[in-house]
Amino acid sequence: MKKNTMGVAAGLAATLFVTATALAQAPAETKPGFFRQLGKSLKDAGQQSLGAKPAPGTASAAGPLYTPISDAGRINGLFKNENHQSAQQGRLDWPRVALTYKEWGASLACWTVEARIWTSATASTLETFQACADVSLTIKDDLGEKAELNSNARAKATTDLMVGLRVRPGKPNTGDDRTTGPTPPREPFNVRTNREGVAWQARKVALSVAWVSGFLRADDLYPGPSGMLTPFRDTRMWIAGFDPGGNRDK
């Protein structure tokens, strides 16, 4: 009996070793961890083993990703049917979206946003809605199952991608001045504030807007075979400013 038990244990250890080795040798794009699957097939233990456990303290239950308030429906899916590759190559000029935060605060999970949507250099419309900073960003995977970006991918979007984004050389921009358009500032999302946490929260809210509009997609955040992100170069959405009367950190 003791001999049989030892044999089973040895076999299990060998199986775990082979599994771990295969995972370590898998191409970067097939490794788990970028998305976490939602539903019954992945429970707590499995999520933890894949590094997919949500970060503690997130406000996923704060509210919906997007809640229209007035003039609804324009921002939702605005960029989804366009040629995303052409957008990344700077070949598309319109639409453009300038985001003004009407109600905001570092401690506020959901912000009120006014989006000025430009369809040409002279034509624009307004939509007001609420967007939440830490709500799950979900997609359907190739199996038709629902998956969401994990916390590491979201953090990379709001740091490397948004902070590093610059208007292409030779393209019109307003420099350090932030306006409601139709021309973006030199650094669309890299707002600078003296209030701790506001810039970080502002980019997280902007990420939610970018996601619901189709401006930013999973492919933009998913490392290729080299393990590096393809630089995101589309600058048709930007943070235009903050309404001084909307500060909720007072």
Side-chain angles (χ1 to χ4, degrees), residues 29 34-35 37-38 63-101 110-133 135-149 153-154 156-158 161-162 164-168 171-173 180-185 188-189 203-224 229-240:
E29 67 269 23
F34 182 79
F35 292 107
Q37 192 170 343
L38 305 178
L65 184 66
Y66 160 78
T67 304
I69 296 175
S70 64
D71 300 313
R74 292 297 310 282
I75 197 72
N76 190 9
L78 179 66
F79 297 92
K80 283 186 177 177
N81 293 323
E82 66 183 18
N83 187 314
H84 195 58
Q85 185 175 3
S86 294
Q88 288 291 70
Q89 293 169 350
R91 296 179 181 175
L92 302 182
D93 288 327
W94 314 100
R96 299 178 185 176
V97 179
L99 306 175
T100 299
Y101 295 128
C110 300
W111 291 17
T112 301
V113 185
E114 181 182 81
R116 180 166 290 278
I117 302 170
W118 294 89
T119 52
S120 73
T122 57
S124 67
T125 57
L126 286 175
E127 180 183 353
T128 304
F129 53 89
Q130 190 178 72
C132 298
V135 179
S136 301
L137 304 181
T138 62
I139 65 162
K140 289 287 185 69
D141 65 16
D142 291 340
L143 298 175
E145 297 174 340
K146 197 174 182 181
E148 72 173 64
L149 288 182
R154 291 176 64 107
K156 197 167 191 64
T158 50
L161 190 153
M162 288 185 160
L165 184 62
R166 304 287 187 277
V167 173
R168 293 171 182 269
K171 285 276 190 178
N173 67 84
T180 56
T183 305
F189 297 106
R203 289 194 298 271
K204 290 200 293 182
V205 171
L207 174 60
S208 294
V209 180
W211 192 265
V212 79
S213 68
F215 178 73
L216 187 66
R217 307 180 186 184
D219 289 348
D220 301 318
L221 304 175
Y222 189 39
L229 285 175
T230 300
F232 186 81
R233 301 296 301 275
D234 195 354
T235 54
R236 293 176 298 151
M237 180 181 288
W238 65 90
I239 297 172

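Along the sequence shown, residues are numbered consecutively beginning with 1. The analysis underlying the following values was restricted to heavy atoms, covering all of them including side chains, and did not include hydrogens, waters or symmetry mates.
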>> Classify the ring geometry of His84 against Phe232: parallel below 30°, tilted from 30° to 60°, perpendicular beyond 60°.
In response: tilted
> Quick check: are there more than 12 heavy atoms from other residues, nucleotides or ligands sitting under 6.0 Å from CG of Asn83?
Replying inline: yes
>> Tell me the closest heavy-atom pair linking Met237 and Ser213, and the distance in Å.
In response: CE-OG, 3.6 Å
> For the atom pair CG (Leu149) and OG1 (Thr138), what is the distance rounded to the nearest 0.5 Å?
Replying inline: 9.0 Å
>> Could you report the tightest heavy-atom contact between Leu65 and Trp211, atom names first, then the distance?
In response: CD2-CD1, 4.1 Å
>> For Cys132, is there any backbone N or O sitting under 3.5 Å from a side-chain donor or acceptor partner on Ser208?
In response: yes
> Atom OH of Tyr101 and atom CD1 of Ile239: how far apart are they, to the nearest 0.5 Å?
Replying inline: 4.0 Å
>> Within the structure provided, determine whether Asp220 and Gln88 are in side-chain contact (heavy-atom separation under 4.5 Å).
In response: yes
>> How close do Pro185 and Val167 get, counting heavy atoms only, and between which atoms?
In response: O-CG2, 3.2 Å
>> So, taking the atom named CG in Leu99 and the one named CD in Glu114, what distance separates them when rounded to the nearest 0.5 Å?
In response: 10.0 Å
>> Test side-chain contact (heavy atoms from CB on, under 4.5 Å) on Thr119 and Thr125; report intermediate values, then the result.
In response: CA-CA 8 Å; Thr119 52; Thr125 57; 6.0 Å; no
> To the nearest 0.5 Å, what is the distance between CZ (Arg233) and NZ (Lys171)?
Replying inline: 10.5 Å
>> Measuring from atom OG1 of Thr235 to atom CG of Asn173, what distance do you get when rounded to the nearest 0.5 angstrom?
In response: 8.5 Å
> Under 4.5 Å between any side-chain heavy atoms of Thr128 and Val113, yes or no?
Replying inline: no
> Where do Ile75 and Ala115 come nearest, in terms of heavy atoms and distance?
Replying inline: CD1-CB, 4.5 Å
> Can you check whether Ala133's main-chain N or O pairs, donor with acceptor, with Trp111's side chain at less than 3.5 Å?
Replying inline: no
>> Between Glu127 and Arg74 (side chain of the first, backbone of the second, donor and acceptor by atom type, cut-off under 3.5 Å), is there such a pair?
In response: yes
>> Counting C-beta onward and ignoring hydrogens, is there a side-chain heavy-atom pair between Val97 and Val209 closer than 4.5 Å?
In response: no
> Does Leu137 reach the side chain of Leu207, with side-chain heavy atoms less than 4.5 Å apart?
Replying inline: yes
> If only atom types and distance count, is the side chain of Arg96 paired as donor or acceptor with the main-chain N or O of Trp118 below 3.5 Å?
Replying inline: no
> Looking at Ala206 and Met162, what are the two nearest heavy atoms and their distance?
Replying inline: C-CE, 3.9 Å
> Between Glu82 and Ala87, which heavy-atom pair has the shortest distance, and what is it?
Replying inline: OE2-CB, 3.8 Å
> Does Pro68 reach the side chain of Tyr66, with side-chain heavy atoms less than 4.5 Å apart?
Replying inline: yes
> Does any donor atom in the side chain of Glu148 or Ser136 lie under 3.5 Å from an acceptor atom in the other side chain?
Replying inline: yes
> Once you round to the nearest 0.5 Å, how far does CZ of Arg236 lie from CH2 of Trp94?
Replying inline: 10.5 Å
